[in-house]
Amino acid sequence: MSIADAVSELKLIFQERLSTAPSVLEQHGKDWTWNAGRNPDAVVFPHSTDEVVRIVKICAKHQTPIIPFGAGTSVEGHFAAVQGGITLDMQQMNEVLAVNAEDLDAKVQAGVTREQLNRHLRHSGLFFPIDPGADACLGGMTATRASGTNAVRYGTMRESVLALTVVLADGRVIQTARRARKSSSGYDLTRLFVGSEGTLGVITEVTVRLFGIPEAVTSAVCSFPDMKRAVDTVIETIQSGVPIARIEMLDEVLMEAVNHYSKLDYNVAPTLLLEFHGTKSSADEQARSVEAIAREHGCVDFRWSADENERAKMWQARRDVPWASLALRPGSKMLATDVCVPISRLADCIVETKADLAESKILATLVGHVGDGNFHLGLMIDPDSKEEVAHAEAFSERLVHRALAMDGTCTGEHGIGLGKMRFMIPEHGEAVEVMRMIKSALDPQNLMNPGKMLPARAEL
């Protein structure tokens, strides 16, 4: 392997679109969480699938690792260059290639962000609903099987991606599917690459589903005396068939942080943030139905509004959760983690987790996309304190095993990266060996984002 030779050859081709500046390397080697990270040897900024092919072929010739990079919003060390190599920054591949309004789909380059796509669609009456919070790239969202606040109604990237253009480790380009909404033809390669985290190939183009912008949107805030009553409200709402668009839960610690950071005056108590889509009458009916359920479960306050400014303020506060959490302990870093369990076990998992937090005395905030059983924790730690890091990691491990014991998963949407590799075998067992076989078949030199997702066999 000669990474230096690969960098030299790529520099001749891409010139100013290849950087070895220390600041650029650091930006592409370290995410904003507590993970240590590792800088690549160079960063290249391609503009097309053909250019990605040239980069991949040169890297294959020199046995140089390739790390795809989107907007850099992942939190589990997905783009740390653990074996060095070349980072492909896809952000300049940012063209919306086609919008097929009649078919409710669009084809974009991998560097197009979700907000950019929705700006492009603003006069079409359509929108792309997957909202992980950050303005992430569609390619990265696909690679990490992203989700977000709208998943309870519109699904995740798994349901939203129709087809992909992928550059394989040897430079071949494949189209994983056509635009048809269903097919019984061949293996489902699209689903294979959705969630592959750059370990099987470089995603360069994505075809996604679009949805009609709802005629009316109503939002609501309601607080509860305890977490169990809030979760029970969620469970009954889902089981009652209310077609709710968003249902987020914030614990009392986070509500206090959000109030302070976003200058709001919500109750400092376990709180649900809800959103209803439809016609004006149907959205209002949904809100009234959920209010009745919430009050049966001891809701302290239920406020709902169709005012756009009120809704924007509420959801901006939700997007500011990471920064509000970090403000609770200035100078700290966040160990961000998530799990997902069947919704029937959600109350048990959250109540047990809150009790574990209280006993551990870890400063943490809890927020959940509770409509699909997924919740997140932000643990504020001093990354220079080995004791604090070990304490937080032990808590995170207990959380994962608690979720697995409830037939859940170690991550609902953050992905595996580096941070959760050790949980792959406890969760998937022998299936991990099948994943290794797929990886070996598509990437025999182990050049595609090596050292991620799949633990080494020695760790068995």
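Partners of R119 by salt bridge (Lys or Arg N to Asp or Glu O under 4.0 Å), not counting sequence neighbours: none found.
Using modelled atom types, one side-chain atom of D226 and one backbone atom of K228 make a donor-acceptor pair closer than 3.5 Å. Remark: side-chain polar atoms of K452 are paired, donor with acceptor, to backbone N or O of H78 under 3.5 angstrom. Not a single donor-acceptor pair under 3.5 Å links the side chain of D382 to the backbone N or O of S332.
Inter-residue side-chain proximity for R153 and I244 is flagged as unmet; no heavy-atom pair is nearer than 4.5 Å. Contact check for Q109 versus T204: no side-chain heavy atoms found under the 4.5 Å cut-off. L328 places a side-chain heavy atom less than 4.5 Å from the side chain of L363. Under the 4.5 Å side-chain criterion, counting only non-hydrogen atoms from C-beta, D131 is in contact with R246. No side-chain heavy atom of T233 sits less than 4.5 Å from a side-chain heavy atom of C299. Inter-residue side-chain proximity for L454 and K439 is flagged as met; some heavy-atom pair is nearer than 4.5 Å. Residues I343 and D372 form no side-chain contact, since every pair of their non-hydrogen atoms from C-beta on lies 4.5 Å or further apart. The shortest distance between side-chain heavy atoms of V258 and V321 falls below 4.5 Å.
Looking at K280 and D284, a side-chain N of the basic residue comes within less than 4.0 Å of a carboxylate O on the acidic one, giving a salt bridge. Electrostatic pairing of K30 and E26 does not count as a salt bridge here, judged by no charged N lying under 4.0 Å from a carboxylate O. Of the charged side-chain nitrogens involved, at least one lies within less than 4.0 Å of a carboxylate oxygen, so that R422 and E397 count as a salt-bridged pair.
For the 3.5 Å distance criterion, the side chains of H28 and D89 qualify, holding a donor opposite an acceptor. Under 3.5 Å, the side chains of E413 and H376 contain a donor-acceptor pair of N or O atoms. In summary, the side chains of T165 and K107 do not present any donor paired with an acceptor at a separation below 3.5 Å, with no hydrogens or angles considered. With 3.5 Å as the limit, one finds a donor-acceptor pair spanning the side chains of W315 and E275. There is a side-chain donor-acceptor pair under 3.5 Å between T411 and D338. Side-chain atoms of T237 and S240 include no donor-acceptor pair closer than 3.5 Å. Under the 3.5 Å distance criterion, with hydrogens and angles disregarded, a donor-acceptor pair is assigned to the side chains of T156 and E159. Side-chain contact check for Q316 and S262: no donor-acceptor pair (N or O, by modelled atom type) lies under 3.5 Å.
A distance of 9.0 Å separates CG of D105 from CZ of R209, quoted to the nearest 0.5 Å. Considering OG1 of T113 and CE of M141, their distance stands at 9.5 Å, rounded to 0.5 Å.
Under a cutoff of 6.0 Å and an axis angle of 45°, R288 and W304 do not form a cation-pi pair.
Here the two rings, on F127 and Y154, have centers that are under 6.0 Å apart.
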Notebook entry, point to check: Between V206 and V161, does a side-chain contact (heavy atoms from CB on, under 4.5 Å) hold up when you go through it step by step?
Noted result: CA-CA 7 Å; V206 186; V161 176; 4.1 Å; yes
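Here the shortest heavy-atom pairing between E388 and I381 reads OE1-CA, 3.4 Å.
For the side chain to side chain donor-acceptor pair (under 3.5 Å) with T190, the qualifying choice from T207, T142, T176 is T176, the only one to do so.
Residue pairs meeting the side-chain hydrogen bond (donor to acceptor under 3.5 Å, both in side chains) criterion with at least one partner in residues 347-361, sequence neighbours excluded, are D251-K354, E252-K354, R345-D348, T353-R402, D356-S360, D356-R398, D356-R402, S360-R398.
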